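This is a predicted model, so every value here is computed, not measured.
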Amino acid sequence: MADTKREIERKYETTDATRLPDLSRVAGVGQVVERGVTELDAVYYDTADLRLASHSLTLRRRTGGADEGWHLKFPVATGIRDELHEPLADTLPPSFAALLRSRLRHTEPAPVVRLLSSRDVQHLNDPDGTLLAEVSVDTVLAERLAGEGTGTTATWTEIEVELADDGDPAFLDAVEKRLRKAGVRPSESPSKLARALAETAPVRKEKEPKADDPQTTGDHVLTYVRKQIRTIVDLDPAVRRDLPDSVHKMRVATRRLRSAFKTYRRILDRETTDPVGAELKWLAGELGVDRDQEVLDERLTTRVDALPTTLALGPAGSRLTVWSAARRTGSRRRITDVLDGNRYLALLDTLDALAADPPLRPAASRAPGKELPRAVLKDYKKLARRMDHALEHPPGPERDAAMHEARKAAKRARYAGDAARPALGKPAKRFAKRVKAVQTVLGDHQDSVVARDALRTLAIEAHAAGETTFTWGLLYGHEEAAADARERELPEVWARASDPVLRADLKH
């Protein structure tokens, strides 16, 4: 696994007239230590259409400096990136190839820019000698290696201020205040690569700006669809890195996309989208194996931890840990295998093709004021039928199953409202919020159903091992009480979501 660090830095423009000021006067700095000049030679890799750069990703092979080798950077927020490092090698490290697979697909990255940097480094330390930040003045020579502008060069000087590991970001504000007083201003480019690509690109005649605001129903639906597709692609490396909540977020994007295909069948031809939806269902299912167990583990662990010691009889905690571990064995490996498989890559290619050449139907060209409310209300009617069916059953397995079906319908209606929100505004926002509340109640009820089934299994295993089953029975009762509370809450929550005024607002 590649070494990873969180890089928090700021970049500044500098010229001969705005040199680096004395930073020993920055609040908190006890000493400024000169670290000398280092020569860096970095080659940046990308596809011919600069696919990585368009996603704000940086892939480079660099020699010189203490961390020479391959570097891959993922954006986290403005001025913050996760930097992964692999040792110097002639070819792209396999770990990086895997993390970039959702973007590169079947394309090999090639050199696009070379940067030669002369880096003059200072360390800003506190009075105890602890590093606060590294400040460097970089004199850069950039050369375009491929595509339009090949052979074009550019030079500039910039200042980088990188926060020390576990440092306080507020310290960067103090440094910036001192730099600004000296006439130094923040860089307009987020990275050296972005600046190099911009300054070595051929000069083009200005074109008429394109209208970014969606106008037709099809415009709005496609904006939403393309957003979900990009989310799936963007989350691929996060899932591979096992980042928190990444599997859940990717699964939600697949569900949102599949739901949009169903909701907006008057806009997108289902002969094209139905097969894609089936593949999205497959992917969500593969992702769900790990996610569902994660949610169940968290719920049961919380229940066990909340018990008074006088009621936690037997080795409940250790049994739950062993049981959970056994059910999750190999799940991460399975997800990685899915993301590396041809079926998944083919799905990504299909989604790209659909976004580039969408199967629009005649209704797509119409104004969104009528088509979008019609689609949202159609999903609402399906939810209403399922809610009526769920509420007419007495408590028991049949009601549990009916509530689960209503939950799925609520999720789809909520997603429909979310997709329509840019066009319909506050009415769609209110609708989605009310339906989300219904979904939350139904979801917690279903989680209780699943938890009770797991608790019964744990009780059986404990009994077979000669352990007391008191704790598991007690927790089963807690889950029954939680489910009952949700069932009592549901009619009131549903009444707010089924308010006729709420639906009427969508039409106006």
Donor-acceptor contacts under 3.5 Å from residues 243-252 side chains, at least two apart:
residue, atom, partner, partner atom, Å
S246, OG, A238, O, 3.3
S246, OG, L243, O, 2.8
H248, ND1, R291, NE, 3.4
R251, NE, A284, O, 3.4
R251, NH1, D292, OD1, 2.8

Heavy-atom count check: over 12 atoms from other residues, nucleotides or ligands less than 6.0 Å from [X] [atom1]?
X: R35; atom1: CZ; value: no
X: K408; atom1: NZ; value: yes
X: R430; atom1: CZ; value: yes
X: E34; atom1: CD; value: yes
X: N342; atom1: CG; value: no
X: K11; atom1: NZ; value: yes

Determine the minimum heavy-atom distance between [X] and [Y], stating which atoms define it.
X: T150; Y: L145; value: CG2-O, 3.8 Å
X: A98; Y: D236; value: O-OD1, 4.3 Å
X: E199; Y: T152; value: O-CG2, 4.4 Å
X: A142; Y: L115; value: CB-CD2, 3.2 Å
X: A410; Y: V435; value: O-CG1, 3.2 Å
X: Y344; Y: L339; value: CD2-O, 3.0 Å

- Query: Mind checking what makes ring-ring contact (aromatic ring centres under 6.0 Å, His included) contact with H71, not counting sequence neighbours?
  - Reply: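 For H71, the residues satisfying ring-ring contact (aromatic ring centres under 6.0 Å, His included) (neighbours in sequence not counted) are H85.
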
- Test ring-ring contact (aromatic ring centres under 6.0 Å, His included) applied to W70 - qualifying residues, sequence neighbours left out: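 Counting only residues at least two positions away or on another chain, W70 forms a ring-ring contact (aromatic ring centres under 6.0 Å, His included) with Y45.
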
- Query: Will you find, in the side chains of S324 and D297, an N or O donor that is under 3.5 Å from an N or O acceptor?
  - Reply: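 There is such a pair between these side chains.
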
Decide yes or no for [X] and [Y]: does some side-chain heavy atom of the first lie under 4.5 Å from some side-chain heavy atom of the second?
X: T272; Y: F261; result: no
X: L345; Y: R101; result: yes
X: L347; Y: V276; result: yes
X: L257; Y: I232; result: yes
X: L506; Y: V376; result: yes

Output a table of donor-acceptor pairs, distance under 3.5 Å, between side-chain atoms of residues 348-359 and any protein atom two or more places apart or on a different chain; print 'none' if there are none.
residue, atom, partner, partner atom, Å
D349, OD1, R105, NH1, 2.9
D349, OD2, H106, NE2, 3.1
T350, OG1, A346, O, 2.9
D352, OD2, R105, NH1, 2.8
D352, OD2, R105, NH2, 3.1

Sidechain N-carboxylate O distance under 4.0 Å for [X], [Y]:
X: R412; Y: D379; value: yes
X: R61; Y: E86; value: no
X: R103; Y: D234; value: yes
X: E13; Y: R195; value: yes
X: E39; Y: R119; value: no

- Message: Here's a test for you: under side-chain hydrogen bond (donor to acceptor under 3.5 Å, both in side chains), which of R180, E160, E176 qualifies with Y12?
- Response: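 It is E176; the other options fail the test.
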
- Task: Tell me, with the steps shown, if V137 and T157 meet side-chain contact (heavy atoms from CB on, under 4.5 Å).
- Result: CA-CA 7 Å; V137 180; T157 301; 3.8 Å; yes

- Criterion side-chain hydrogen bond (donor to acceptor under 3.5 Å, both in side chains) on D219 and T216, from CA distance to verdict: CA-CA 5 Å; D219 291 339; T216 67; 3.3 Å; yes

- Query: Can you tell me how far the CD atom of Q228 sits from the OG1 atom of T254, to the nearest 0.5 Å?
  - Reply: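 If we round to the nearest 0.5 Å, Q228:CD and T254:OG1 are 9.5 Å apart.
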
- Message: Measuring from atom CG of L116 to atom OG1 of T155, what distance do you get when rounded to the nearest 0.5 angstrom?
- Response: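 Rounded to the nearest 0.5 Å, the CG-OG1 separation comes to 11.5 Å.
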
Per-pair distances, 0.1 Å, donor-acceptor, side chain in residues 413-426, under 3.5 Å, sequence neighbours excluded:
residue, atom, partner, partner atom, Å
R414, NH1, Q439, OE1, 3.3
D418, OD2, R256, NH1, 3.2
D418, OD2, R256, NH2, 3.2

- Query: Taking only residues at least two apart or on different chains, which pairs with a member in residues 62-79 satisfy salt bridge (Lys or Arg N to Asp or Glu O under 4.0 Å)?
  - Reply: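 Listed once each, the pairs are E7-K73, R62-D67, K73-E83.
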
- Task: Step by step, work out the side-chain contact (heavy atoms from CB on, under 4.5 Å) result for E158 and K192.
- Result: CA-CA 9 Å; E158 67 180 35; K192 286 185 175 67; 2.8 Å; yes

